[in-house]
Amino acid sequence: PRNFCGCPGLTLAMRRVLSSVPQRVVAVGRQVSRFEEALVSGGDDRSALGEQLTNKYNVSPWPLGPSALFRGSCTCNPPTQRAYEAAEKVWEAGASYGTLMAGIRRRLAAAFELEDGTGVVLCPSGSDAEYLPVAVAQALAPGSPIGNVVTQHKEIGAGSAPAAGLEYFSRLTPLGSSEVEPNSKVVPDVDVRRFVVPARDDHGRRANPHHDDHEYSDFDGVLLVHTVVGGKTGLRDEVYYGDDGNKNGKVLPVVDACQGRFTNEELKGWLEKKAMVLVTGSKFYRGPPFSGAVFVPKLLMDELTSKQPPSMLKHLSEFLCREDLPESLGSWRAELPSKNENFGLALRWEAALAEIEASVPYSATIAEAWARDVSNLVDQHFSETCSLFEANRCIVSLRLRPDAESPFFDAKDLRTIYDWMALDMSDAIPSLKDDDEHRLAAKQPGAIGQPVEVSKTTGVLRLALGVDSFDHFANNPADALTHDYQLLLKLNLLAKHFRTLKKTQQQRLLIYV
């Protein structure tokens, strides 16, 4: 790989994969800088930039232009200007990897008010973070069967379920030099029984992830049980601590908080009850994709420091570096190669921390007020083409249709509308006058949340606040809602004229940068 001030660049394996990354939107008038190539390094095929300088989610590694409206703090989002500049400053400074990661752990502990002794393990993404709870389970009960219950399937990252079963979820690994086979075993000699619980039934109704007759109820062994507190549509499940289940073995609760929409008080409660918590620096916190962390409660850390490191740890050298682990897990560190360094991950966390530390504290009250106000905008102005599916804190999920008599679009058609939202569509929609507010809305680039399939026939598009737009609404709600109105107006226009636009639009589109 090429080397940028100690930052490993894109590996040869990653470069081979680039040509196969689907490109739906073309970035123009821009080249990737050495810093930006470092910023996307140390990830997997989701991070790889294709020839059009976007990843598989049509996101480039630089901030949106100043004219763009943003409500896309979801699966994959571009960084804010502040986050980007913070990471670039760190890259230019050239600090050592160990120094950077130790500082990131300290700052995360301070920002989230973690109890002294809480472990902070840094990971290349929220999906990669899934390997850590299994390692903890093996360390606490070596030789015992391990079960792993993954909830809200299809509304969490696609890589979460394979990783929870110790499988590869991408052709590229963050630190590997060659391609791997997705769904093949990362750790061949550890068998994990995976239980996958969907987020919804076939009709889009919320599923109960922890009712008594699930097949994992009688599992005999160490059982990792996930609870998702904010998936892709913002669904929040009641945290399961195993108090009334799994009488035959040990329950280790895992809270998936990767969307980032939680309060420090909620986090404190989870950790006090010995739940491991998975977080990311992208999504709500608006750092570049992808960066992850696992908060390990002090009570578990006390147990782990007296145990031998798990045997599976040596197989995670394609994902973890020594300095990604806290110093208190010195025996774990020793199982990983000393040469591993993932400067791309360090840069992405530095970017995220710039926003985490500068933002107003997350408040469910503010989040719910925004969701209520946006829901009212939909009902009052756009009910013919837009229908509220759900409003969950900072995420409003919408179904779209051309008119009140037509069926709602499926996820495939919504993907097309999602692409169009980033474009100047004012000349593509007929009968728009130069001074008309509809023409201005059609012209405005807007980033929203990618489509989610919530049933076999229904998809939704999402408006999702990130820390910057959350701050905007908290400080000036009326002005922030004008952005939401503009985005809804453009969605309304694209839905209403969808059939005509689909016939006339080119396959390759130009994105505003």
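Being a predicted model, the structure only gives us computed values, none of them experimental. Any value given below was found using the heavy atoms of this structure, including those in side chains, with hydrogens, waters and symmetry copies removed. In what follows, residues are counted from 1 in the order of the sequence shown.
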Residues Arg499 and Ser406: side-chain donor-acceptor under 3.5 angstrom: yes
Over all atoms of both residues, closest heavy-atom pair of Leu122 and Met101: CD1-CE, 3.5 Å
Residue pair Glu85 / Lys89, side-chain heavy-atom distance below 4.5 Å: no
Candidate list Phe343, Phe35, Tyr84, test ring pair (Phe, Tyr, Trp, His ring centres under 6.0 Å), partner Trp91, passing option: Phe35
Euclidean distance, Cys123 SG relative to Asp128 CG, rounded to 0.5 Å: 7.0 Å
Sidechain-backbone polar pair: Ser160 side chain, Ser127 backbone, donor-acceptor under 3.5 Å: no
Heavy-atom pair with the smallest gap, counting every atom of Ser125 and Phe169: OG-CZ, 4.3 Å
Stepwise side-chain contact (heavy atoms from CB on, under 4.5 Å) test for Val255 and Val229: CA-CA 7 Å; Val255 173; Val229 287; 3.6 Å; yes
Ion pair Glu266/Arg236, N-O distance below 4.0 Å: yes
Any Lys496 side-chain heavy atom under 4.5 Å of Ile429 side chain: no
Chi angles and distances behind the side-chain contact (heavy atoms from CB on, under 4.5 Å) call for Trp349, Leu100: CA-CA 10 Å; Trp349 263 121; Leu100 287 175; over 6 Å; no
Heavy-atom neighbours of Glu357 CD exceed 12 at 6.0 Å: yes
Pairs involving residues 441-471, ordered by first then second residue, that meet ring-ring contact (aromatic ring centres under 6.0 Å, His included) (sequence neighbours left out): Phe284-Phe470, Tyr362-Phe470
Side-chain touch Phe319/Tyr168, heavy atoms, less than 4.5 angstrom: yes
Steps toward side chain to side chain donor-acceptor pair (under 3.5 Å) verdict (Glu355, Thr80): CA-CA 8 Å; Glu355 286 293 351; Thr80 64; 2.5 Å; yes
Inter-residue atom distance Asn476.CG - Asp471.CG, 0.5 Å rounding: 12.0 Å
Side-chain touch Leu491/Leu400, heavy atoms, less than 4.5 angstrom: yes
Interatomic spacing from OG1 in Thr482 to CG in Asp479 - rounded to 0.5 Å: 4.5 Å
Beyond-backbone contact of Leu49 with Thr54, side-chain heavy atoms, under 4.5 angstrom: no
Expected output: side-chain Asn77 to main-chain Lys283 donor-acceptor under 3.5 Å: yes
Electrostatic pair Asp427:Arg439 at N-O distance under 4.0 angstrom: yes
Exam field: side chain Ser60 to backbone Trp62, donor-acceptor pair closer than 3.5 Å: no
Main-chain N/O of Ala164 paired to Asn148 side chain as donor or acceptor, under 3.5 Å: yes
Heavy-atom closest pair, residues Val378 and Cys386: CG1-O, 3.8 Å
Ring center gap for Phe498 and Trp420 short of 6.0 angstrom: yes
Heavy-atom donor-acceptor pair, Asn342 side chain to Leu345 backbone, under 3.5 Å: yes
Evaluation steps, ring-ring contact (aromatic ring centres under 6.0 Å, His included), between Tyr485 and Phe382: CA-CA 10 Å; Tyr485 179 85; Phe382 307 107; 5.5 Å; yes
Phe389 six-ring centre to Arg399 NZ/CZ under 6.0 Å and within 45° of normal: no
Under 3.5 Å side-chain donor-acceptor pair for Glu130 and His226: yes
Short side-chain to backbone donor-acceptor contact, Arg462 and Cys74, under 3.5 Å: no
Considering all heavy atoms, the nearest Leu481-Leu377 contact: O-CD1, 4.0 Å
Any donor-acceptor N/O pair, Arg194 side chain to Ala161 backbone, under 3.5 Å: yes
Arg46 charged N/C atom sitting above Phe290 aromatic ring, 6.0 Å / 45°: yes
Side chain proximity check, Asp413 to Phe408, heavy atoms < 4.5 angstrom: no
Carboxylate-amine/guanidinium contact Asp201 Arg206, below 4.0 Å: no
Whether Thr280 side chain and Gly292 backbone form a donor-acceptor pair below 3.5 Å: no
Stepwise side chain to side chain donor-acceptor pair (under 3.5 Å) test for Ser41 and Arg348: CA-CA 10 Å; Ser41 69; Arg348 295 190 290 274; 5.3 Å; no
Sequence-distant partners of Asn475, side chain to side chain donor-acceptor pair (under 3.5 Å), two or more places apart: none
Residue pair Arg107, Ile356: steps toward the side-chain contact (heavy atoms from CB on, under 4.5 Å) verdict: CA-CA 10 Å; Arg107 292 167 64 192; Ile356 292 171; over 6 Å; no
Salt bridge Arg71-Asp484, side-chain N to carboxylate O under 4.0 Å: yes
From CA spacing to verdict: side-chain contact (heavy atoms from CB on, under 4.5 Å), Val40, Asn55: CA-CA 10 Å; Val40 301; Asn55 62 24; over 6 Å; no
Closest heavy-atom pair and its distance - Leu489, Glu437: CD2-O, 3.8 Å
Which atom of Tyr241 lies closest to which atom of Pro253, heavy atoms considered: CD2-CG, 4.0 Å
Spacing of Leu488 atom CG and Gln380 atom CD [to the nearest 0.5 Å]: 11.5 Å
Under 3.5 Å donor-acceptor, Tyr131 side chain and Glu167 backbone: yes
CZ on Arg401 to OG1 on Thr385, rounded to 0.5 Å: 8.0 Å
Test item: Met276 and Leu224 side chains (from C-beta on) under 4.5 Å apart, heavy atoms: yes
Basic-acidic side-chain contact under 4.0 Å: Glu113, Lys268: no
Asp45 and Ser170: CA distance, side-chain angles, deciding distance, side chain to side chain donor-acceptor pair (under 3.5 Å) verdict: CA-CA 6 Å; Asp45 57 14; Ser170 167; 3.0 Å; yes
Listed partners of Thr458 passing side chain to side chain donor-acceptor pair (under 3.5 Å), at least two apart: Ser455
Interatomic spacing from OG1 in Thr416 to CZ in Phe409 - rounded to 0.5 Å: 9.5 Å
Side-chain heavy-atom pair Val277, Val294 within 4.5 angstrom cut-off: no
Salt bridge Glu453-Lys232, side-chain N to carboxylate O under 4.0 Å: no
Test item: Glu155 side-chain N/O and Gln152 main-chain N/O as donor-acceptor pair under 3.5 Å: no
